[in-house]
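The figures that follow rest on heavy atoms only: side chains count, while hydrogens, waters and symmetry mates do not. When a ligand or atom number is given, it counts from 1 through the structure's own listing order.
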Amino acid sequence: MKRLLLLLPSTSYRAADFLDAAERLGIEVVVGSNERQALESVVPGKTITLDFTDLKESAERAVAFAKDSPLDAVVSADEDAIVLAAMISEALSLPHNPVSAAAAAKDKHRLREILTAASVPTPPSQIFSIDDPPETLSQKVVYPCVLKPTFLSASRGVIRANHPDEFVAAFYRLGRILKEPEVKHLGGTAAKQILVEDFIPGKEVALEGLLQNGYLSILALFDKPDPLDGPFFEETIYVTPSRLPASVQEAISECTGRAAAALGLKEGPIHAELRVNERGPLIIELAARSIGGICSRALRFGVGLTLEEIILRHALGLPIESLERERPAAGVMMIPIPAAGILTGYQGVEEAKKVPGIEDVKIMIHRRQKIIPLPEGRRYLGFIFARAPRPEEAESALREAHRKLKFEIAPFKLKSEE
Ligand code: ADP
Ligand code: CA
C-alpha cells in the first residue's frame, strides 16, 4: 500500500476532500499538522506534529519519520506548507517542485520580481516596510494602487487606495493585520512587509492547472463575473467554462504557462489568478496549490474524479485516465459576508438547495461564532454549488440560491474601527 504524507494546517478547509480522495485511492495517509489534537480524532495514530514555520526542523522530523515508515509522496493541502512539502520531497528524492520555486510562489514580492524579469505581464510593484512612514510613501506610488501582505491568501489584507489619504489609512490598517500574533508568527520577517502594486482594471479569471514534468495542463478556467474593484476583494462567484473568447483563453493559458516556467515550478497543482484587459492577460497570483476553501467540489474530471484524486494520483505517479473536466458548466459561490458580528441564525438553506441547478449549500460558520469581513477576515461564511448545461445558467442559479439565504448577525465593533 502506498503511503502519503499530507501536510494539513489545522485551519485548512481541505482536510475532508483530501482524506476522502486518499480513501478512494486506497492509500495510507499520514497527516502532518501544526496542531496534533485537531487531527488525532480524524486519523488516530497517523499524525505527526510539524511546525510549518520552522522548515528545517520540520523537514528533518519528517525525514526521520520516513526512515521507519517510507513515504511515496508528500502533498501540501494548503498554501502554508508548500515550501515544507518541497523540502521533504527533495530530501526523500520524490518528484517535487524545486524548493526555490515553491518559496517564490509563496512570496508575492518575489513572484513579481521573477515575472517582471522574465517579461511575463504582471502589475508593477514596490515593497515597503511596515515601519516606513506611510505619509512619505504615499507620494511614491501610482494611483489607484493595491496594498497587500506578501504571504497571506484569500484576499486577506488586500486593500485598494485611490489617493494618498486612502493609502495612509490602508497602510495602517494592513499594518494592524500584520501585527496580529497569529499572522506575525506565520509570516516571520514577511509580516514586516507591505507590497504596493498598480491597480490593474479588467475582468478576472482563475485557472486551475496541473504541472507534470514542467508541462501545464489546464484543468479549469473560471470566470469571476462579479466586479472586483475594491476597496476590498471579496471573492464571490466562480463559473467554468469561461465565456471569454477562445483566443483570450489561449492567451491566459499561455501567460500562466510562461509564469510557471519563469518561477521554475514543475510538478503538481497550480492556482493562478489573472486580470484581462485590452492589453491582454496579467498574472495577479500564481500559487503552487489547488483552489482554496471547498471550491474544488465544483469540479469533476473524466469519469468522476475529484481534483484531490488527480493531485494525489499525480503525486504518487499513478495513472490519470483523463484531465478533461466533465461537460456541464459548474459554479461555486463563496457566500459574501454581509456584516461584521456574531452569527445568531440563518434561514433559507433548504429553499436555496431546491433552486434548479443547485447541488449543495454549505454554511461553514456555526451559530454564535464571529464573522469578520475583509480585509481582516479569513473565514468563509459558506459555499453554494451549481451545475447546469451552460455557464450563464450556473451563474443565475447561484444568484437565485443566494437570494434565498438570510443571515442574522448581531453587530460588534471591530478593533480597527474604534
Ligand atoms: P490573495 O493571495 O490573498 O488572494 P491576491 O494578490 O490574489 O491576494 O489579491 C486578491 C484579489 O485582489 C485579487 O483576486 C484581485 O481581485 C485583487 N487584486 C490584487 N492585486 C491587484 C492588482 N494589482 N490590481 C487589481 N486587482 C488586484
Ligand atoms: Ca488570490
Side-chain angles (χ1 to χ4, degrees), residues 11 13 78-80 82 104-116 120-128 141-162 166-167 170 173-174 177-178 180 183 186-187 190-191 193-209 221-238 252 256 259 263 269-293 295 332 334 336 372-380:
T11 52
Y13 286 90
D78 261 301
E79 184 95 19
D80 292 353
I82 54 170
K106 212 187 140 12
D107 174 346
K108 292 184 200 291
H109 174 225
R110 196 73 198 105
L111 172 70
R112 294 282 177 261
E113 282 182 337
I114 291 172
L115 297 184
T116 306
V120 178
T122 201
S125 66
Q126 304 183 64
I127 189 86
F128 297 130
V141 302
V142 175
Y143 293 96
C145 65
V146 177
L147 297 85
K148 63 172 76 165
T150 60
F151 63 98
L152 292 179
S153 52
S155 305
R156 190 172 177 198
V158 181
I159 310 176
R160 171 175 169 163
N162 293 318
E166 282 185 5
F167 178 93
R173 191 162 183 179
L174 175 50
I177 295 171
L178 292 170
E180 286 172 22
V183 175
L186 185 68
Q193 297 179 318
I194 289 181
L195 186 66
V196 181
E197 305 175 350
D198 293 6
F199 174 84
I200 308 296
K203 292 191 167 164
E204 191 161 314
V205 294
L207 182 152
E208 289 301 298
L221 181 63
F222 289 96
D223 288 334
K224 303 189 187 184
D226 283 336
L228 283 156
D229 289 328
F232 314 126
F233 297 90
E234 183 173 50
E235 303 231 64
T236 55
I237 294 181
Y238 273 45
I252 290 167
T256 308
L263 280 171
I270 60 162
H271 172 80
E273 281 160 9
L274 299 92
R275 289 235 159 178
V276 194
N277 57 33
E278 62 294 341
R279 290 163 46 213
L282 290 91
I283 301 281
I284 297 289
E285 178 178 12
L286 179 62
R289 57 164 169 88
S290 49
I291 192 167
C295 293
V332 52
M334 289 159 256
I372 306 173
L374 287 173
E376 284 80 15
R378 65 184 164 90
R379 301 190 50 208
Y380 294 103

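Salt-bridge formation is not detected for the pair Arg156/Glu376: no Lys NZ or Arg NE/NH1/NH2 atom is positioned less than 4.0 Å from an Asp or Glu carboxylate oxygen.
The shell of residues lying under 4.0 angstrom from ligand 1, judged by heavy atoms, excludes Glu235.
Distance from atom 18 (N) of ligand 1 to its nearest protein heavy atom, with residue and atom name: Ile284 CG2, 4.2 Å. Of all protein heavy atoms, the one lying nearest to atom 8 (O) of ligand 1 is Lys108 NZ, 3.4 Å. Atom 6 (O) of ligand 1 has Lys148 NZ, 2.6 Å as its closest protein atom, hydrogens excluded (heavy atom only). For atom 4 (O) of ligand 1, the closest non-hydrogen atom of the protein is Ser155 N, 3.1 Å. In terms of protein heavy-atom proximity, atom 15 (C) of ligand 1 is closest to Glu204 OE1, 3.0 Å.
The aromatic rings of His271 and Tyr238 lie parallel to each other, their planes meeting at an angle below 30°, with 60° marking the opposite boundary.
The ligand atoms of ligand 1 that sit less than 4.0 angstrom from a heavy atom of Glu285 are 1 (P), 2 (O), 4 (O), 7 (O). Close approach to Glu273 involves these atoms of ligand 1, each under 4.0 Å from a residue heavy atom: 7 (O), 14 (O). Contact atoms of ligand 1 toward Pro123: 23 (N) (distance under 4.0 Å to a heavy atom of the residue). Counting the atoms of ligand 1 from 1 in the order shown, those under 4.0 Å from a heavy atom of Ile200 are 22 (C), 24 (N), 25 (C). The ligand atoms of ligand 1 that sit less than 4.0 angstrom from a heavy atom of Leu228 are 16 (O).
Under 3.5 Å, the side chains of Thr122 and Arg112 contain a donor-acceptor pair of N or O atoms.
The Ca ion (ligand 2) does not have Glu235 among its coordinating residues (no N/O/S atom, backbone or side chain, under 3.0 Å).
Note on Glu273: its N/O/S atom closest to the Ca ion (ligand 2) is OE1.
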